[in-house]
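All ligand and atom numbering here is 1-based and tracks the order in the structure.
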Amino acid sequence: MGYSVAVVGATGNVGREMLGILAERAFPAADVTALASRRSQGVEVSYGERTLKVKALEHFDFAGVDICLMSAGSAVSREWSPKIAAAGAVVIDNSSCWRYDSDVPLVVPEVNADAAAGFRKRGIIANPNCSTMQLVVALKPLHDRARIKRVVVATYQSVSGAGKDAMDELFSQTKAVFQIDEVAPKKFPKRIAFNVIPQIDVFMEDGYTREEWKMVVETKKILDPKIKLVATCVRVPVFIGHSEAVNIEFERPITAEEAREVLRGAPGCIVIDKREPGGYVTPYESAGEDATYISRIREDATVENGLAMWIVSDNLRKGAALNAIQIAECLIKRKLITAKRKAA
Ligand SMILES: NC(=O)c1ccc[n+]([C@@H]2O[C@H](COP(=O)([O-])OP(=O)(O)OC[C@H]3O[C@@H](n4cnc5c(N)ncnc54)[C@H](OP(=O)(O)O)[C@@H]3O)[C@@H](O)[C@H]2O)c1
């Protein structure tokens, strides 16, 4: 006996990772259905050792589904999540569509697992943005120890955060550079190969981008509305793994050594901080891993009670797919959902 699980967006970067993680973690699934757009009907995707044939979302009946892992963008989620929830499944959504709705919990199990219980109002739980996710996993234990007042963060975000077409663009542009061909940006506003782009998502009236705004609003919703945060989000020519250079100001004193100790024992965190060449984690090494890695922890003497650090994680795993599955596991563990088939 287990849960009936549907993965919407199963042909995408995050959806494929979800199927892999469900199998890896031996998620208690009685059945798993892979769904995507009509374009992908019949395409085969891997679920552990098995292969699933993708079905079209628009023709699928959700009546028997317990958990829907949704990863097909905001427009699809806006239309489909309420219908899927009305059919009796809990929707765990990866898009930004529902994150700022006060009736939808925004959950990172290591940080605010208790909030998950609030899903009943709409039947939807939102997954935060990938750059917020790894940040709050590292901030939470430090906040508990010394109360965070203000955070300044610069992100170095991989192209996989913008979907599979964005990965193809980095690959084809890099090839074009070597072949001395023309490099034509399509998905990104400027060339991404051998370059960095200080814009992720659209510009807002105040000059910040929506990605930067998301980090502010989501950190407040998940961790503490009193935390002030300012972000600069940058796309870099890395395939998988987001990095963040972070400066934190605390209410109370905390040394780099204390922070290292706190983070070493914190859920989801691994500290690798050797203060020697290579004694830190880079995004390349984080790819395929579940943890949020913290390196380069040091005191920031330019402010009272300040620390600086480097935070890296796989944006497709903890930044998206893994977190969604951890939320589902949390609902099961806390008995917040029951399998329809079992209940029948
Ligand atoms: N990548 C990340 O690091 C990350 C992190 C956090 C959140 N997210 C969010 O997760 C979502 C998916 O991201 P991704 O990187 O996996 O994108 P992606 O690689 O571009 O994949 C998009 C998926 O959505 C499906 N889809 C598109 N239109 C559809 C429709 N009308 N009906 C059904 N399925 C449809 C696609 O199916 P077809 O192949 O059939 O087109 C594909 O499976 C986005 O909302 C993104 O913002 C991504």
Side-chain angles (χ1 to χ4, degrees), residues 6-21 33-46 52-60 62 68-81 83-84 91-99 106-108 124-136 155-171 186-188 200-202 210-211 214-215 218 233 235-236 238-244 283 286-288 292 312-327:
V7 175
V8 179
T11 54
N13 275 343
V14 175
R16 284 176 192 270
E17 204 68 44
M18 281 172 165
L19 290 169
I21 295 172
T33 309
L35 300 164
S37 76
R38 216 177 339 156
R39 295 179 292 272
S40 302
Q41 203 164 350
V43 165
E44 294 190 335
V45 287
S46 300
L52 304 178
K53 272 211 163 62
V54 173
K55 297 182 180 168
L57 169 65
E58 60 192 280
H59 302 311
F60 187 68
F62 281 87
C68 176
L69 303 171
M70 188 85 182
S71 196
S74 280
V76 176
S77 183
R78 188 168 301 112
E79 181 187 346
W80 282 91
S81 294
K83 293 186 200 167
I84 299 169
V91 178
I92 303 172
D93 182 45
N94 251 297
S95 79
S96 58
C97 181
W98 305 99
R99 288 179 194 154
L106 182 62
V107 178
V108 180
I124 303 170
I125 300 182
N127 228 20
N129 184 284
C130 36
S131 39
T132 310
M133 188 89 71
Q134 63 187 67
L135 182 68
V136 295
T155 69
Y156 304 71
Q157 296 179 224
S158 69
V159 293
S160 58
K164 57 189 176 188
D165 296 347
M167 295 179 86
D168 292 345
E169 183 150 323
L170 173 58
F171 186 75
K186 284 193 205 109
K187 179 93 188 167
F188 295 113
I200 301 181
D201 212 332
V202 296
R210 196 167 151 81
E211 185 85 352
K214 284 177 202 165
M215 290 192 79
E218 294 178 19
C233 292
R235 188 74 68 191
V236 296
V238 165
F239 280 106
I240 294 174
H242 287 359
S243 311
E244 296 174 343
S286 78
T292 294
V312 179
S313 193
D314 181 331
N315 52 295
L316 299 178
R317 289 181 76 90
K318 185 58 197 168
L322 173 65
N323 195 71
I325 291 164
Q326 286 174 315
I327 293 172

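A side-chain donor-acceptor contact under 3.5 Å links Ser286 to the backbone of Pro283.
With hydrogens left out, the protein atom closest to atom 21 (O) of ligand 1 is Gly12 CA, 3.2 Å, a heavy atom. In this structure, atom 7 (C) of ligand 1 lies nearest to the protein heavy atom Asn94 O, 3.3 Å. Of all protein heavy atoms, the one closest to atom 26 (N) of ligand 1 is Ala72 CB, 3.8 Å. In terms of protein heavy atoms, atom 41 (O) of ligand 1 is closest to Arg39 NH2, 2.7 Å. Taking atom 14 (P) of ligand 1 as the reference point, the nearest protein heavy-atom neighbour is Val14 CG2, 3.9 Å.
In plain terms, the two heavy atoms of Ile84 and Met70 that are nearest each other are CD1-SD, 4.1 Å.
For Lys186, the NZ atom counts as loosely surrounded, since its 6.0 Å shell holds 12 or fewer non-hydrogen atoms of other residues, nucleotides or ligands.
Using a 4.0 Å cut-off between heavy atoms, Leu57 contacts ligand 1 through its side chain alone, with no backbone atom that close. Residue Ala10 touches ligand 1 through its backbone alone, judged by heavy-atom distances below 4.0 Å. Contacts between Thr11 and ligand 1, counted as non-hydrogen atom pairs separated by less than 4.0 Å, involve both the backbone and the side chain. With a 4.0 Å heavy-atom cut-off, ligand 1 is reached by the backbone of Ser160 but not by any atom from C-beta on.
Heavy-atom proximity to Asn315, at under 4.0 Å, picks out these atoms of ligand 1: 3 (O). Close contacts of ligand 1 with Gly319, meaning ligand atoms under 4.0 Å from a residue heavy atom, involve 5 (C), 6 (C). Atoms of ligand 1 found under 4.0 Å from any heavy atom of Ser71, numbered from 1 in the order shown, are 10 (O), 11 (C), 12 (C), 23 (C), 24 (O). Within ligand 1, the atoms closer than 4.0 Å to a non-hydrogen atom of Gly161 are 1 (N), 2 (C), 3 (O), numbered from 1 in the order shown. Proximity to Gly163 (heavy-atom distance under 4.0 Å) selects the following atoms of ligand 1: 15 (O), 17 (O), 18 (P), 19 (O), 20 (O). Those atoms of ligand 1 with a heavy atom of Leu316 less than 4.0 angstrom away are 1 (N), 2 (C), 3 (O). Atoms of ligand 1 found under 4.0 Å from any heavy atom of Cys130 (numbered from 1 in listed order, with element): 3 (O), 5 (C). The contact set between ligand 1 and Val76, taken as ligand atoms under 4.0 Å from a residue heavy atom, comprises 28 (N), 29 (C), 30 (C), 31 (N).
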Show your reasoning for whether side-chain contact (heavy atoms from CB on, under 4.5 Å) applies to Glu211 and Thr155. CA-CA 10 Å; Glu211 185 85 352; Thr155 69; over 6 Å; no
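Comparing Ser131, Ser40, Ala34 against atom 38 (P) of ligand 1, the shortest heavy-atom distance belongs to Ser40.
There is no side-chain donor-acceptor pair under 3.5 Å between Gln157 and Asn315. Looking only at atom types and distance, the side chain of Glu218 has a donor-acceptor partner in the side chain of Thr132 under 3.5 Å away. Of the N and O atoms on the side chains of Asp93 and Ser81, not one donor lies less than 3.5 Å from an acceptor on the other residue.
Residue Gly73 has at least one nitrogen or oxygen atom sitting less than 3.5 Å from a nitrogen or oxygen atom of ligand 1, judged on distance alone. For Lys164, a nitrogen or oxygen atom sits less than 3.5 Å from a nitrogen or oxygen atom of ligand 1, counting backbone and side chain alike. Considering both main-chain and side-chain atoms, Val8 never comes within under 3.5 Å of ligand 1 through any nitrogen or oxygen pair. Of the N or O atoms in Ala320, none lie within a sub-3.5 Å distance of an N or O in ligand 1. In terms of polar-atom proximity, defined here as any N/O pair under 3.5 Å, Ser37 does make such a contact with ligand 1. Geometrically, ligand 1 and Arg99 share no nitrogen or oxygen pair separated by less than 3.5 Å.
Looking only at side-chain heavy atoms (C-beta outward), Phe62 and Val8 come within less than 4.5 Å of each other. Inter-residue side-chain proximity for Lys214 and Asp201 is flagged as met; some heavy-atom pair is nearer than 4.5 Å.
The protein reaches atom 34 (N) of ligand 1 closely, with a heavy atom under 4.0 angstrom from it. Less than 4.0 angstrom separates atom 46 (C) of ligand 1 from none of the non-hydrogen atoms of the protein.
None of Gln326, His242, Gln134 except one satisfies the side-chain hydrogen bond (donor to acceptor under 3.5 Å, both in side chains) rule with Lys318; the exception is Gln326.
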